[in-house]
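Below: one structure, written as structure tokens.
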Amino acid sequence: VSSGMRDAGYVYVNIDDTWEGVRDAHGNLPANHKFPDMKALADYVHSKGLKLGIYSSPGARTCAGYPGSYGHEEQDAKAFAAWGIDYLKYDWCSARNTYKDEKLQPVYQKMGDALQATGRPIVFSLCEYGMGGVEKWGPEVGGNLWRTTGDIRDDWSSMIENVEKQVPTAPYAGPGRWNDPDMLEVGNGHMTDDEYRTHMSLWALVASPLLAGNDIRTMSPVTKSILLNKELIEVDQDSLGKQASPAKNGDLETWVKPLADGSVAVGVINLGSASARATVNASDLRLAGPVKKARDLWAHKDVNFKGGAYSDTIPSHGVLLLHVSDR
């Protein structure tokens, strides 16, 4: 809350793996010593205007070897609801030792039904690394977001690889059903500031859930300026829920995202090792009329299209991100 993250829209505080204790004789799974009172924790988080997320696996064990929900789906869902949990990340992991990969949908359906039966609204995050065409059946099992990639790393090649995998999944994204290229690495220290701005821009352009993966207690001013860019967050959270599609021209890649009010967000990424001059042509933006307003969402200033085009220089691995409107 004090960092400004909540007011920018980051409202879920998600506990990942290793919270789990040992099941009792009745199969109930308590939290371990790190979380001595999960209900009290949820109440505290809620008192701050935030929501609480938790983690499990459809397998017998989680990624870190803690108890998963295999055979205890309804029991665990009821426990999560009783604690006041608002979000569940459900990670395939050791489930591959119990189920074949083609059983993904019925396995996730089991937990989806269990969550639904609790009567509590719980966001269901499917973490199956993009296997099995999840974008096609995710909503059917009660999923709200689903991983479309393997785990992201804090480096340029991993980030670009993950976002490129969103291209074929674009038709399946929309309100309440989101493709998830994994969490943000902004501020973790292995990319440049320009690369982090590109990372954040691309995640917004593909309507990705924005899950901060850095230590928000120690954010630099630059990291804060990236994660708290409210104009960019508005693009990500646009109610139309459409993903951008890319077009490549040499080292420059242009992504255009239609927005609910008829305007567009356009991002030009410089994939090359040297700075490059980029031009955005209004004719490529599929607007209903001529450009009336254009804004640079990183410079936070209005810019002018002259002769139906706007040009700027983009640093290596940098981005030009514009909001363009014909109104």
Side-chain angles (χ1 to χ4, degrees), residues 11-48 50-129 131-132 134 137-147 151 176-178 180 183 209 211:
V11 294
Y12 289 92
V13 179
N14 294 341
I15 301 167
D16 212 81
D17 201 356
T18 81
W19 64 266
E20 303 89 346
V22 178
R23 290 194 187 275
D24 66 18
H26 303 288
N28 298 308
L29 180 62
N32 59 35
H33 67 281
K34 292 185 283 187
F35 299 93
D37 191 335
M38 196 67 87
K39 175 70 168 70
L41 176 61
D43 290 345
Y44 174 75
V45 169
H46 293 153
S47 78
K48 299 294 184 183
L50 296 161
K51 296 182 178 182
L52 188 64
I54 207 164
Y55 171 103
S56 191
S57 169
R61 293 282 162 185
T62 65
C63 289
Y66 287 70
S69 291
Y70 175 67
H72 298 275
E73 291 85 1
E74 290 185 15
Q75 203 167 12
D76 288 357
K78 286 177 182 175
F80 300 155
W83 289 339
I85 298 298
D86 304 291
Y87 182 114
L88 172 64
K89 175 182 172 184
Y90 209 43
D91 199 339
W92 188 243
C93 274
S94 73
R96 58 171 56 94
N97 299 327
T98 305
Y99 304 105
K100 293 183 178 179
D101 285 350
E102 56 265 29
K103 297 295 185 184
L104 277 160
Q105 184 171 348
V107 169
Y108 277 92
Q109 183 80 60
K110 196 178 294 185
M111 181 54 87
D113 290 344
L115 293 173
Q116 189 73 28
T118 68
R120 180 174 180 80
I122 298 176
V123 170
F124 191 21
S125 171
L126 317 185
C127 184
E128 35 36 68
Y129 330 121
M131 297 189 301
V134 61
W137 52 261
E140 295 178 28
V141 302
N144 305 108
L145 63 154
W146 37 83
R147 283 277 297 281
D151 290 354
R177 43 185 296 166
W178 307 108
D180 175 16
M183 67 181 65
L211 299 163

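Because only heavy atoms are used, hydrogens play no part in the values below, and waters and symmetry mates are left out as well, while side chains stay in.
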Any chance NZ of K89 has more than 12 other-residue heavy atoms, nucleotides or ligands included, within less than 6.0 Å? yes

With sequence neighbours left out, what residues match K100 under side chain to side chain donor-acceptor pair (under 3.5 Å)? none

W137 side-chain N/O to G132 backbone N/O, donor-acceptor pair under 3.5 Å: yes

To the closest 0.5 Å, what do you measure between CH2 (W83) and CD1 (I54)? 5.0 Å

Euclidean distance, S125 OG relative to Y12 OH, rounded to 0.5 Å: 11.0 Å

If you take all heavy atoms of S69 and D76, which pair is closest and at what distance? OG-OD2, 2.7 Å

Donor-acceptor side-chain pairing of D91 and Y129 below 3.5 angstrom: yes

Main-chain N/O of G68 paired with T62 side-chain donor or acceptor, under 3.5 Å: no

For the atom pair CE (M131) and CH2 (W146), what is the distance rounded to the nearest 0.5 Å? 16.0 Å

I'd like to know if the side chain of Q109 reaches the main chain of V107, judged simply by a donor and an acceptor atom lying under 3.5 Å from each other, with no hydrogens or angles considered. no

M183 CE to N14 CG distance, which is reported to the nearest 0.5 Å: 8.5 Å

Side-chain (H46) to main-chain (G84) donor-acceptor, under 3.5 angstrom: yes

Can you tell if the side chain of W19 reaches within under 4.5 Å of the side chain of L29, non-hydrogen atoms only? yes

For the residue pair D180 and L145, what are the closest heavy atoms and their distance? OD2-CD1, 3.8 Å

Any donor-acceptor pair under 3.5 Å from K110 side chain to P58 backbone: no

When you measure from the side chain of D17 to the backbone N and O of A64, does any donor-acceptor pair fall under 3.5 Å? yes

Just wondering, do D86 and V45 contact through their side chains at under 4.5 Å, heavy atoms? no

Would you find a donor on one side and an acceptor on the other, under 3.5 Å apart, between the side chain of Y108 and the backbone of C127? yes

Would you call F80 and M38 a side-chain contact if the rule is heavy atoms closer than 4.5 Å? no

Contacts of E74 meeting side chain to side chain donor-acceptor pair (under 3.5 Å) (sequence neighbours excluded), chain-then-number -> none

For I85, is there any backbone N or O sitting under 3.5 Å from a side-chain donor or acceptor partner on R120? yes

Kindly indicate whether the side chain of N144, heavy atoms from C-beta on, has any atom under 4.5 Å from the side chain of Y87. no

Backbone N/O of T18 and side chain of N32: donor-acceptor pair under 3.5 Å: yes

A60 and Y70 have their tightest heavy-atom pair at N-CB, 3.6 Å

Would you indicate whether F124, at its atom CZ, is surrounded by more than 12 heavy atoms from other residues, nucleotides or ligands within a distance under 6.0 Å? yes

Look up atom SG in C63 and atom OH in Y55, then write down how far apart they are to the nearest 0.5 Å. 3.5 Å

Determine the minimum heavy-atom distance between H72 and G27, stating which atoms define it. ND1-O, 3.5 Å

With side chains defined as the heavy atoms from C-beta onward, is the minimum distance between N97 and R61 less than 4.5 Å? no

CG of L126 to CE of M111, rounded to nearest 0.5 Å, is 11.5 Å

Answer whether the closest heavy-atom distance between the side chains of L88 and S56 falls below 4.5 Å. yes

